[in-house]
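Chain A is the first sequence line, chain B the second, and so forth, proteins listed ahead of strands; every chain is numbered from 1. Remember, it's a predicted structure, so these values are computed and weren't measured experimentally.
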Protein chains: 2
Amino acid sequence: MTSTEANSRPSSPEANSRPSSPEAGRPTKQRLAVARIMDTFEGFRSAQEVHTLLATAGETVGLATVYRALQRMAEAGEVDTLRTEEGELTYRRCSTTHHHHLVCRACGATVEIEGPAVERWAQTVSHEHGYVDVSHTLEIFGTCADCARVSTGGR
Amino acid sequence: MTSTEANSRPSSPEANSRPSSPEAGRPTKQRLAVARIMDTFEGFRSAQEVHTLLATAGETVGLATVYRALQRMAEAGEVDTLRTEEGELTYRRCSTTHHHHLVCRACGATVEIEGPAVERWAQTVSHEHGYVDVSHTLEIFGTCADCARVSTGGR
DNA sequence: GATGAAATGAGAATCGTTGTCAACTTGGCT
DNA sequence: AGCCAAGTTGACAACGATTCTCATTTCATC
Ligand SMILES: [Zn+2]
Ligand SMILES: [Zn+2]
Ligand SMILES: [Zn+2]
Ligand SMILES: [Zn+2]
């Protein structure tokens, strides 16, 4: 149920969209299912994996719909995206503040990290070169303690 | 973005080896053509764009061969790779030291940047969380001075 | 309950990339 | 020079992720 805060506003069709809900969309059964299942796991999952998870959970949602729902959620800032080294887009429910990720290559365990100094540095170095409207991508990949124990100590 | 790769271990069953270039391959006409054309531009280009450039230059090289050549050059560290926000892989001839890029979204102008502090931070924060064998990707996107002038001051 | 816009789903279409495999080079050896 | 095995190429098929199409369904409002 969308008991959070429904805007019961007869929004005019041509009215300029408010910043409160630029790309809100309708809370359909499918979108709710996608949103709900995004809470049931920790790491990043591809759209196809989410689609499979839904099917396994009994919720049948079309693959294209899953793609559309995740895209929309990403644009709305409800989920974070991460492009794997193979180029596949993956999604994860995240906190809304700007942050980055430390991801285990083996098991996918993810840690959200922040680095104010890095953020400042990125801005500074960009401006020094005359660049404006700057954004950045920063991902750290490694082997987590558990996986490292298995691969090295498991001899 | 070469993660700390495998150590140089000559475990090949054959005795003959090439001390001068471990992963060189043969300097065929096609590979030379690809290597040569990589010097003729500044920003990042996709494999397909490189293929087109070659065709335009009169050098006819198969598309698959261009892909293979660029892959090999990337593995050998002769070119750097950058995945665009659309997920497409692009290549550029780069210096061999570890660095990152500041890329203009509009025209593709690229600046190589270094950030020792960021490198240390990435290592530190990773180790604090128990991660080992750490690598990272860091790209900065923005609008270069020239492009910004066109879009804002072009009135 | 009628109605029109938004959303869905099934499959086709797109697109970057990789695989296949026969024909062709290359380099080393006799 | 002539041979051979391994490396390489190119045309095209195959692939996988993502997007598009469009007929049908759902939703919110009247
Ligand atoms: Zn792990
Ligand atoms: Zn950041
Ligand atoms: Zn520019
Ligand atoms: Zn770095």
| Over how many whole Å does the gap from B:Leu89 atom CG to D:dA17 atom C1' extend? | 14 Å

| When all nucleic acid strands are considered with a 4.0 Å heavy-atom cut-off, which category describes A:Thr60: base, sugar-phosphate, or nothing? | sugar-phosphate

| What nucleotide, of C:dG9, C:dG19, D:dT8, holds the atom closest to the side chain of A:Arg68? | C:dG9

| said: Given 3.5 Å as the limit, does a donor-acceptor pair link the side chain of B:His136 with the main chain of B:Ala122, or not? | reply: no

| task | For A:His99 and A:Glu112, indicate whether the former's side chain and the latter's backbone hold a donor-acceptor pair under 3.5 Å. | result | no

| field | C:dG9 OP1/OP2 closer than 4.0 Å to side-chain N/O of A:Gln30 | value | yes

| message | Whole angstroms only, please: what is the NZ-P distance between A:Lys29 and D:dT25? | response | 14 Å

| How many Å lie between NE2 on B:His51 and P on D:dG10, as a whole number? | 8 Å

| message | Just the rounded figure in Å: distance from C1' of D:dT18 to CZ of A:Arg83. | response | 10 Å

| Where the side chain of B:Tyr67 is defined as all heavy atoms beyond and including C-beta, which of D:dT19, C:dT18, D:dT18 is the nearest nucleotide? | C:dT18

| request: For A:Leu70 and C:dT8, give me the distance from atom CG to atom P, rounded to whole Å. | output: 12 Å

| Which nucleotide in the set C:dT25, C:dA10, C:dG16 lies at the smallest distance from any side-chain heavy atom of B:Gln48? | C:dG16

| request: Indicate whether OP1 or OP2 belonging to D:dT19 is found under 4.0 Å from a side-chain N or O atom of A:Gln71. | output: yes

| request: Select one nucleotide: of C:dT17, C:dA7, D:dT8, the one nearest the side-chain heavy atoms of A:Arg31. | output: C:dA7

| said: If you assign A:Gly62 and B:Ala47 each to the DNA chain C nucleotide with the nearest heavy atom, which residue ends up on the more 5' nucleotide? | reply: A:Gly62

| note | Closest to the side chain of B:Arg72, out of C:dT17, D:dC12, D:dT8, is D:dT8

| query | Which whole-number value in Å describes the distance from A:Leu63 CG to C:dG11 P? | reply | 12 Å

| Side-chain donor-acceptor pair present, A:His127, A:His129, cut-off under 3.5 Å | no

| Separation of A:Arg26 atom CZ from C:dA6 atom P, in whole Å? | 7 Å

| request: Compare the minimum distances between each of D:dT8, D:dA17, C:dA6 and the side chain of B:Thr28, then state the nucleotide with the smallest one. | output: D:dT8

| How is A:Glu86 classified with respect to the nucleic acid when contacts are heavy atoms under 4.0 Å: base, sugar-phosphate, or nothing? | nothing

| Nearest-nucleotide pick for B:Val61, side chain only, options being D:dG10, D:dT19, C:dT17 | D:dG10

| task | Could you work out which one of D:dG10, D:dT19, D:dA17 sits closest to the side chain of B:Thr65? | result | D:dG10

| query | Charged N to carboxylate O below 4.0 Å: is that the case for B:Glu42 and B:Arg92? | reply | yes

| request: Send over the distance from B:Phe44 CZ to C:dG16 P, rounded to a whole Å. | output: 18 Å

| said: Contact between B:Arg45 and B:Met38 at the side-chain level, heavy atoms closer than 4.5 Å - yes or no? | reply: no

| So, B:Arg93 side chain and B:Ala35 main chain: donor-acceptor pair closer than 3.5 Å or not? | yes

